[in-house]
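Letters A, B, ... are given to chains in the order of the sequence lines, protein chains preceding strands, and every chain is numbered from 1. Here the structure is a predicted model, which is why all the values come from computation and not from measurement.
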There are 8 protein chains.
Amino acid sequence: MQPDALRSLLNAVARGETNADEALEALSTLPFSDIGDAKIDHHRALRCGLAEVVLCEGKSPSQVRSIARELLEHGDVFLGTRASAAHFQKVAQVASDARYLEECRLLLVDRREVQPALGHVVVASGGTADHPIAEEAAICTEVMGNRVTRVYDVGISGVHRLLAHEDVLRDANAIIAVAGMEGALPSLITGLVPSPVIAVPTSIGYGANLGGIAALLTMLNSCASGMAVVNIDNGFGAAALASRINQMVARSE
Amino acid sequence: MQPDALRSLLNAVARGETNADEALEALSTLPFSDIGDAKIDHHRALRCGLAEVVLCEGKSPSQVRSIARELLEHGDVFLGTRASAAHFQKVAQVASDARYLEECRLLLVDRREVQPALGHVVVASGGTADHPIAEEAAICTEVMGNRVTRVYDVGISGVHRLLAHEDVLRDANAIIAVAGMEGALPSLITGLVPSPVIAVPTSIGYGANLGGIAALLTMLNSCASGMAVVNIDNGFGAAALASRINQMVARSE
Amino acid sequence: MQPDALRSLLNAVARGETNADEALEALSTLPFSDIGDAKIDHHRALRCGLAEVVLCEGKSPSQVRSIARELLEHGDVFLGTRASAAHFQKVAQVASDARYLEECRLLLVDRREVQPALGHVVVASGGTADHPIAEEAAICTEVMGNRVTRVYDVGISGVHRLLAHEDVLRDANAIIAVAGMEGALPSLITGLVPSPVIAVPTSIGYGANLGGIAALLTMLNSCASGMAVVNIDNGFGAAALASRINQMVARSE
Amino acid sequence: MQPDALRSLLNAVARGETNADEALEALSTLPFSDIGDAKIDHHRALRCGLAEVVLCEGKSPSQVRSIARELLEHGDVFLGTRASAAHFQKVAQVASDARYLEECRLLLVDRREVQPALGHVVVASGGTADHPIAEEAAICTEVMGNRVTRVYDVGISGVHRLLAHEDVLRDANAIIAVAGMEGALPSLITGLVPSPVIAVPTSIGYGANLGGIAALLTMLNSCASGMAVVNIDNGFGAAALASRINQMVARSE
Amino acid sequence: MQPDALRSLLNAVARGETNADEALEALSTLPFSDIGDAKIDHHRALRCGLAEVVLCEGKSPSQVRSIARELLEHGDVFLGTRASAAHFQKVAQVASDARYLEECRLLLVDRREVQPALGHVVVASGGTADHPIAEEAAICTEVMGNRVTRVYDVGISGVHRLLAHEDVLRDANAIIAVAGMEGALPSLITGLVPSPVIAVPTSIGYGANLGGIAALLTMLNSCASGMAVVNIDNGFGAAALASRINQMVARSE
Amino acid sequence: MQPDALRSLLNAVARGETNADEALEALSTLPFSDIGDAKIDHHRALRCGLAEVVLCEGKSPSQVRSIARELLEHGDVFLGTRASAAHFQKVAQVASDARYLEECRLLLVDRREVQPALGHVVVASGGTADHPIAEEAAICTEVMGNRVTRVYDVGISGVHRLLAHEDVLRDANAIIAVAGMEGALPSLITGLVPSPVIAVPTSIGYGANLGGIAALLTMLNSCASGMAVVNIDNGFGAAALASRINQMVARSE
Amino acid sequence: MQPDALRSLLNAVARGETNADEALEALSTLPFSDIGDAKIDHHRALRCGLAEVVLCEGKSPSQVRSIARELLEHGDVFLGTRASAAHFQKVAQVASDARYLEECRLLLVDRREVQPALGHVVVASGGTADHPIAEEAAICTEVMGNRVTRVYDVGISGVHRLLAHEDVLRDANAIIAVAGMEGALPSLITGLVPSPVIAVPTSIGYGANLGGIAALLTMLNSCASGMAVVNIDNGFGAAALASRINQMVARSE
Amino acid sequence: MQPDALRSLLNAVARGETNADEALEALSTLPFSDIGDAKIDHHRALRCGLAEVVLCEGKSPSQVRSIARELLEHGDVFLGTRASAAHFQKVAQVASDARYLEECRLLLVDRREVQPALGHVVVASGGTADHPIAEEAAICTEVMGNRVTRVYDVGISGVHRLLAHEDVLRDANAIIAVAGMEGALPSLITGLVPSPVIAVPTSIGYGANLGGIAALLTMLNSCASGMAVVNIDNGFGAAALASRINQMVARSE
């Protein structure tokens, strides 16, 4: 884990090939960031199971194509979130094996051999309209190397449906609970089982829903302890956290 | 249902005691409002079981004392909501039988003989901290002549506790569901039983609770259909609506 | 009302065909939810007059088609709210008798014989632009088996027009009051008559209207007691509550 | 690009065709600057009937005392709004004839001879709790030299009470309508009579009232045309505008 | 001013042609509103100079065409605000002399003879982008029979430009001040001249402008007294109030 | 794990002491919730290391005393959050060994023998003013049986200070990152190390801080993936989630 | 109260001691009005390096064309911000050398000879999606005559990348820091170097981003002192302030 | 500027007293932050003229006393902002020469010899109630070694008063403009003179002022380019930025 460049420099000093002043200048011009960046990138690959995830929304299709080309030169996975069909068309020009999952707006190139899916993450959702975000969460979690079980359409209006899945929920190392409208599903699950729960509010609803703010506030104010919240419609963010938790548990086993 | 004053006037015209011009002038100076006001007051007594309810907050203790004195001269009930101890002290000067229910901030003078409690209204609450508002709702509903059952501390974190009261909830002509924090209780109840549900968000909570706005939004965005919402901490408002519904059903029986 | 499956199991225990441990295991694998779900569905049909109402917005046309097909296999009514023309086209593929009420965005398949319309619900609206939501409320209420009277265009700027309908308002078991802009109509009605009032804010307006939040706040802060509020533009929600109230009264008569 | 008029004037002075005093007068009808400041002060006195009104809130008692002393040296009226008892005590040190109107938080020194009260301004209010702001408006309007009629407690829940005052409302050159809670009173009045209406939302209410924002939004979104709104609880601001209108009409007569 | 229908009825009673009971029934079926509506309509015409103004936004083109046809049968002016081209095309089918002022979205049919323009209203605006709303205000004011002077592009960044128009501002019976962005123009004008000022915030701007809320708040919090505010982009509302003020002054002269 | 009461009943059926109908009735009156509640309580103890945590804020001191007495009869830990000195005084009446941690408002009775502290949770904070919430998180985490390292005062303005603690952060099974003001600390940490991060916004700040909403929004919008957010000032909530994660990892080892 | 200086000047003219031209010059150093307008325009050119910048958004293409034509008659630069392609097409009709920078929505006509770029302004950005606003800032700063260095994609998730540019940041007379999402970049930079920092929040993000409000609040609540904020997406505004600072420093050197 | 510790280590390597592996370990245990921290602290002193400024609000008096003691051991200035009297009393225990500026809530210990005040910063304010924040800004700017001119009470309602100070404003290297209510003062100043303007919104006002949000939004939406905004009531923040700008200009001269 010791940076070789630094070791080489120190050895040069020890051998008298470089004096202290030259070494000092070299150290000061050797940016911290280069060392750091490499270290961080390495960490990213270690913890996420893939080199880089790109938020496509807000970037032009050409920009995403450039980023994808660069990432695929040095790696074998590219995952774009909140991608449009236009993003897909540009990326397909440089990666003919790119797939576009339209419903959940994911853009995926995966050239790895089949990976073992570790541990267990459950993705639960409240209703049919929450599927795109739930799928974004589920697929991202899978791409990161985790085993995923989907428990969909178990919203608060059918509380007995949820109770029927208590066992699978209890087995998870992490639960992602996706809900729009009043967003009470994560509270219910957190009250039922001991697994850590990641709540994802969706922008599903209308009127005083305020684009998902209502569900977000519900989740933040939950009286059930043991859950936390990510941004509205942020299925990927929930996947990243669930993966961090699940990988840690799976590797401890 | 015909207003007597108007009939008298028309009879006078018919008898020639008053000519058309005089009648016209009388009609135009006879303000609509006087007829209306009386009619409306009469309705108020009919539907609420008491002449007038006074929101004390925002009024000075002296103002509340004056209003109480006036109402008790013509009636035998005075109900003040959101009252302070200072309001009580002033009202006690003109009504030694006034009672102050400190927890729920009600100020009550009730000189009626024992009334039959009609129908059935359930008041449910999520947690201990919601009691003051739940009690405001329950007592106001009782004062308006309705039979009340309290189902307290059945919040979402203990969903099985709520299920245990399904029968009493199902028996109600109207259910008042009081909840703070994430405010999911009314949704759960509405999904369980066919009675109309009146949701009362409370200002209980902190942080992103926003003084009850979080619970209010949860309730407005409920995916359970068959409920409606009153203002934050408005136990009295819920009681008034529950009483309107319950009295109508009880009288139809 | 006793669940037969449970009785059979207990009889088997009594007959010695099943011992306590086997029964215990059977009970624990017999999910509560299956019993519960059926019971709840049965309740839904009983109280609403139809099996299921589907919020189409946020679901894909294909998803709605699947849901409609499934519901119509087991029932004879399908009601979709906030539906688009695209939703209608897909549903028409599996239900050639589907109707699309474009103005109020309802998608209806109704294969029941003519039903008696029970009780009396009034739907009042403030202005022409509120018609779509008022119609959503009125038609949903009718589909649920209630008699409906429409009192439209009686907004606050023409207060005398409203007064002319006092009798019909007074006759209702429940009043749905739909209003945008400043949203004062429900307050006026609640002050006039003893019926329970369900206020529906609409998103009609501009500027500081904030997409209906202004009307919503007006209604929540009403000083007229005896009304409650549903979400902005939620005509269906108001219908569901009005139906709960009206059916209860009509059946008590 | 040099202003010709100014050059011509200066040349006329140089040629002796105009003397300095005449030029000075000509210049004073030419706008702005030091001259302008004086002119504006003069206007303030003319249009308001008093030299200066001071918002006390946010200023220390000593600061208000200093301002009061200075104003009373050059004038014979001092009016402080939103004043506390502490402000009053300090001002009383330099003006023993200062009066403190506690309910509406006005601090008044008026050493003028009795003034004629011109024109007609009506101040209407919704409920008892709105009195402090209504009185702030009424007294400020009177101090500015206008005749005021108070029409209090005519809120929307007693719409017939308001109708009874239609004549006095119709007679006004300007109407100040003060209301809290849902704030619908100004809309009602604007729909009834042709006078210009100034709506004052008050912070009276609770819960989703948001400190008066609810009433403010109601008023801004009114569908009754011919009214405008001032800040929450800004009785003085309404008085200033009503006075501008009323004085203009009264002087045209 | 006495309603003829009522007089006829009373005369019939007096002549014995109708007895009291029949008259009472006639009166009770003769809705107050018809009398009232007529009276109110009459007032509208008197005070506004035209029978009815219609907010087109939110209404379908067909609905607007129906309303226009009805109004033009009984009157000779139709004014539609916030109209689209689609509204115009439908109205043109029933009124070939309809004009569509696209920039300010007004739809006008005016069959009156040339009217005298009374009094004096100034419409001031801050910048080029505020023109559509300023023109909505100016043209509506003119259609209501008032003389209008436009003082455009005098925003706060060019304060000297505004000062140059002090005389015309001072001459007005009412000033409409239209501004977006930070919305400080009305404050500046109110500080300069004694006329009543009606502030119109526009939705011009971006980012933290919040669709005009920023300008609205600026205006509500103005420290210049003597102005009031209408809804964002509500040029018509400002015109209606300015007309009420100006007509009152003009008729007092 | 089988509920004894249920087994007894079934055995009685098997032995013929109870027939199927009697058992059915017993089962139907034996509320689901009792079974469920016991199960859930059992889970709570298993997963949290303590029976029950009570939010004191919003409850009266007497209510908290009653709850504490009841919990301590059946267990040996009582933890109250957001407690006031008044709460402490009442609880001390029934538990003389109660401790009040004033800075972080915790009220603790812990009668357990010394417990092993499992795993590793880091609590990081941005500044001195965030200490109370950080301590609430740290102490609650410890009471739940987890080993805690505190890394305080490593806010964004001293980014190098944070980098110095990279190793301890990297060692944690879960990191609680507490920050007020702009709340950027959790993002920085999430970008540095692979552990799951729970962000706690605090209400520290002023002005546009909006009582912590600013920090909350920062955290929800973080571009660093692998973190989630709890309510403002909710140190306990973060502890509960961190404990769920850490216990799961520690037990897998 | 008459200004003595003015009287003295006029008397000097009258006495022939000063001629009209001298007086006119003296008056022109005396502030304001028509003279002032000219002076201010002159200042604008001096400080910005160009006569006028036009916000195109909200103006029609024809209006922008007219303004461009007028400005280019008297000057040799026209810079339009937030311009659409439609604006460009109209302006190209009167200026065939107009350029449209689509990504950052700038519309530029620059007929000046090559200018020296003074001083040093750094424009830093957080991510690829912030480029359009960063480029708007950078190009506007350059057009105003300042030397610009771009430091892009140095967002908070790669803090070491930022540290590598410490020297160039430290060299700047002003730094414009552009960031969306959680918007923490400006805080980091302000904590690193002593230059004044101008923070530009962008509307990049989704969910609780609220169109950039989240980033704006982050920046306003920064605990790093020495920075200030402009409106969301206001690259031009940041450029104008950076230019004011940089030109002042560059000219002092 | 080279860190001595690092040089010593490298020299030891060069002299063979330390080999590369030992040096590497020493470097890895020698936290970056220590180097960085020192460097940053050095920068702070260089750029601000004082070692550290402490936000007292949110910290306990004892915590502030500890921080003050520590800072005064190594330096000769301590500046606390938003301090209470309680903070002062504790700090006075360890620094008897501490001064408390109550109005602007500053806590100052300054043991430096008289410093030259460099450059020129103007602090302008709108009204008397803005004085505390204006003084916080002015005194902090002075403590940081800058020459300050105060231009107070030049709010928008007295625009001519502001124009009279154009010269002093034009002379400043930076202008801090403090304003509450509608907050238009900074826009006016930015439009008048070429200096960079730092706008400070204050929480002065009431009603729809929203605790200063109204003024903040006004400033963010200013159409005058060349200004930026700090947090509400953040006089110190404005001072820090003004000092950065002014020191840079002053040192370039």
Side-chain angles (χ1 to χ4, degrees), chain C residues 101-105 124-136 151-171 178-185 188-189 192 200-215 217-218 232-233, chain E residues 27-41 43-44 52-68 70 80-82 87 105 133 136 180 200-204 209-217 219-220 229-238 240:
Chain C
L101 309 173
E102 189 179 0
E103 192 200 15
C104 54
R105 300 173 56 194
S125 77
T128 305
D130 300 318
H131 279 206
I133 303 303
E135 274 301 289
E136 180 190 329
V151 179
Y152 284 1
D153 284 303
V154 290
I156 190 176
S157 69
V159 70
H160 294 82
R161 278 178 294 179
L162 177 64
L163 297 179
H165 295 90
E166 200 173 324
D167 281 353
V168 70
L169 292 166
R170 193 179 304 280
D171 181 63
V178 181
M181 308 287 285
E182 82 263 67
L185 179 66
L188 267 180
I189 293 177
L192 278 180
V200 188
T202 69
S203 54
I204 298 306
Y206 57 91
N209 169 281
L210 305 175
I213 294 287
L217 290 178
T218 301
I232 298 162
D233 289 339
Chain E
L27 275 173
S28 71
T29 59
L30 187 117
F32 291 175
S33 63
D34 288 352
I35 302 173
D37 256 329
K39 195 164 50 174
I40 283 178
D41 280 354
H43 285 152
R44 282 199 182 162
E52 188 82 62
V53 179
V54 175
L55 173 64
C56 296
E57 198 176 71
K59 299 192 179 70
S60 72
S62 301
Q63 286 173 327
V64 172
R65 182 182 53 188
S66 302
I67 296 170
E70 199 179 299
T81 62
R82 302 180 77 88
H87 289 120
R105 300 172 57 193
I133 302 303
E136 180 190 328
V200 187
T202 70
S203 54
I204 299 307
N209 168 281
L210 305 175
I213 294 288
L216 172 64
L217 290 178
M219 293 169 182
L220 286 169
V229 187
V230 296
N231 199 357
I232 298 162
D233 289 339
N234 190 4
F236 165 68

**OP:** Dump the intermediate steps for side-chain contact (heavy atoms from CB on, under 4.5 Å) on E:L55 and C:M181, then the final yes or no.
**Re:** CA-CA 11 Å; E:L55 173 64; C:M181 308 287 285; 4.2 Å; yes

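- Checked against side-chain contact (heavy atoms from CB on, under 4.5 Å), C:I213 has the following partners two or more places apart in sequence or in another chain: A:L210, C:L210, C:L216, C:L217, C:I232.
- With sequence neighbours left out, the side chain to side chain donor-acceptor pair (under 3.5 Å) criterion links E:N231 to D:N221.
- With a 6.0 Å radius and a threshold of 12 heavy atoms from other residues, nucleotides or ligands, C:E103 has its CD atom above the threshold.
- To the nearest 0.5 Å, atom OH of residue C:Y206 and atom CZ of residue E:R82 are 5.5 Å apart.
- Of all non-hydrogen atoms in C:A129 and E:G58, the two that sit nearest each other are CB-O, 3.3 Å.
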Subject >> Derivation of the side-chain contact (heavy atoms from CB on, under 4.5 Å) call for E:Q63 and C:H131 >> reply: CA-CA 11 Å; E:Q63 286 173 327; C:H131 279 206; 4.2 Å; yes

